[in-house]
Amino acid sequence: MNGSGRTETVTDTTPRVVVNIDDVGMCHGANTAYIELRRLGVVDSGSVMVPCPWFLEIAEAGALDPTLNLGVHITLTSEKRHYRWRPLTKATPTSGLVDADGFLWRSVIDLRKNAHPDAVEAEMRAQIEAFRNAGLTATHVDGHMGGVFSPEFVERYVEVGVEYGLPTLFPATIQSYGPVHNLGAVDQSAYDVAAARLTAAGEVCATAVLETPWHREQPAQERYQALYGKIGPGLNFLCLHANAPGEIEVIEPASAQIRIDEYEVLKNPAFRRWAEALPVRRGSMKEHAAARLAA
């Protein structure tokens, strides 16, 4: 059964896929795009940025409609030029969570250089608690810009995910994680303990974490057919960033059109028919976990 509800032949080797929209809650256009795409059945879940200005809008929608399949997008950075957000926890100078202006760091590199692991863990917990207090039940937990996969914090991320009983996105290898470019220099050995903790808890690592193609070198549909063409055996998590037009052009002028292109491609009937014909098993991370337990 794929995300559109169409019955298909499924075998043990059928790739499992989560088509996920990141940055939900970041702005109104992110929420608008996600709700439309989810209700069309072309995406499986959305990752919510709890500290962001439009969190309350998506939280209200998600509390009324649990089928929206929302997860927590742990947010430790605030990368926009003029549109920024602060941590939920008290950011003392010793926490290292914020820059000189009091906002979360713009880059994962700066986060890694400055943030204390205890402060990072406290912020992770605060965001999950705020999500739950809004009446939401998370389908999964992952991280904005890959900040949670910083070697300094990755064991805290896994421990929090396991403690809260959340399906936790974790790549089988760090090089299979699409946004790895945000992290700077990393070595696979830094992830072994965290991966072992996660698998001991019964979780499955993603064989591929694929992200939005951040370019416009080919027509949009070709870009996304090429991206989906990278889906292989195992669990594949697609980190997409669809956004409806309106304010994103001002928030993120350099790459706004990429996000808008993605929104328009995903809802395009021709692309939807093509994607629905792929021999994959789609669902949220929570749904895939439930299927494993039932097997």
Side-chain angles (χ1 to χ4, degrees), residues 22-31 47-59 72-131 133-134 141-161 174 177-187 190-191 194 211-212 214 239 241 243 246-256 258-259:
D22 286 2
D23 298 357
V24 182
M26 193 255 299
C27 62
H28 175 63
N31 294 344
S47 297
V48 177
M49 299 176 74
V50 178
C52 288
W54 284 86
F55 166 67
L56 291 177
E57 180 185 54
I58 194 64
V72 183
H73 201 43
I74 297 292
T75 302
L76 303 172
T77 49
S78 177
E79 73 277 15
K80 314 303 179 191
R81 182 177 179 186
H82 296 130
Y83 185 76
R84 306 193 66 199
W85 39 86
R86 304 175 191 273
L88 300 188
T89 51
K90 271 193 174 178
T92 64
T94 55
S95 74
L97 281 179
V98 296
D99 62 15
D101 297 318
F103 297 103
L104 291 165
W105 294 100
R106 292 184 188 273
S107 74
V108 177
I109 300 298
D110 284 333
L111 172 74
R112 292 183 62 189
K113 287 178 182 176
N114 293 282
H116 193 285
D118 289 345
V120 169
E121 181 177 340
E123 182 63 22
M124 291 180 187
R125 293 178 180 276
Q127 291 182 22
I128 293 171
E129 289 292 343
F131 184 95
N133 290 340
V141 63
D142 59 21
H144 182 55
M145 297 178 68
V148 296
F149 295 111
S150 301
E152 298 83 357
F153 317 127
V154 69
E155 291 182 31
R156 307 294 186 103
Y157 162 65
V158 166
E159 188 59 37
V160 168
I174 196 59
Y177 179 65
V180 66
H181 53 87
N182 291 319
L183 296 174
V186 291
D187 185 86
Y191 299 89
E211 72 166 335
T212 295
W214 294 106
C239 302
H241 299 80
N243 205 295
E247 81 267 62
I248 189 65
E249 299 91 329
V250 178
I251 293 171
E252 191 179 291
S255 52
I258 294 173
R259 293 179 184 255

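Here, residue 1 is the first one in the sequence, and each next residue gets the next number.
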- Distance-only side-chain donor-acceptor flag, Ser95 / His116, under 3.5 Å: no

- Message: Please determine whether side-chain contact (heavy atoms from CB on, under 4.5 Å) holds for the pair Lys113 and Trp105, giving the CA-CA distance in whole Å, both sets of side-chain angles, and the decisive distance to 0.1 Å.
- Response: CA-CA 10 Å; Lys113 287 178 182 176; Trp105 294 100; over 6 Å; no

- Ser150/Val108 under side-chain contact (heavy atoms from CB on, under 4.5 Å): CA gap, chis, key distance, verdict: CA-CA 8 Å; Ser150 301; Val108 177; 3.5 Å; yes

- Task: Run the salt-bridge test on Glu79 and Arg106 with the 4.0 Å N-O cut-off and return the result as yes or no.
- Result: no

- Message: Pair Trp214, Arg259 - check side-chain contact (heavy atoms from CB on, under 4.5 Å), show working.
- Response: CA-CA 9 Å; Trp214 294 106; Arg259 293 179 184 255; 4.0 Å; yes

- Query: Can you name the nearest heavy-atom pair linking Phe103 to Arg86, along with the distance?
  - Reply: CZ-NH2, 3.5 Å

- Message: Under a 4.0 Å threshold between the charged nitrogen and the carboxylate oxygen, would Arg84 count as salt-bridged to Asp99?
- Response: yes

- Task: Give a yes or no on whether a salt bridge exists between Glu129 and Arg125, defined as a side-chain N under 4.0 angstrom from a carboxylate O.
- Result: no

- Residues that Phe131 engages under ring-ring contact (aromatic ring centres under 6.0 Å, His included), provided they are two or more places apart: none

- Glu252 side chain to His241 side chain, donor-acceptor N/O pair below 3.5 angstrom: no

- Query: In a check of side chain to side chain donor-acceptor pair (under 3.5 Å) between His144 and each of Asp23, Asp22, Thr75, which one passes?
  - Reply: Asp23

- side-chain contact (heavy atoms from CB on, under 4.5 Å) partners of Glu159, counting only residues at least two apart: Arg197

- Item | Side chains of Glu57 and His28, donor plus acceptor under 3.5 Å | yes

- Item | CA sep, side-chain torsions, deciding dist, call: Val120, Arg156, side-chain contact (heavy atoms from CB on, under 4.5 Å) | CA-CA 8 Å; Val120 169; Arg156 307 294 186 103; 5.7 Å; no

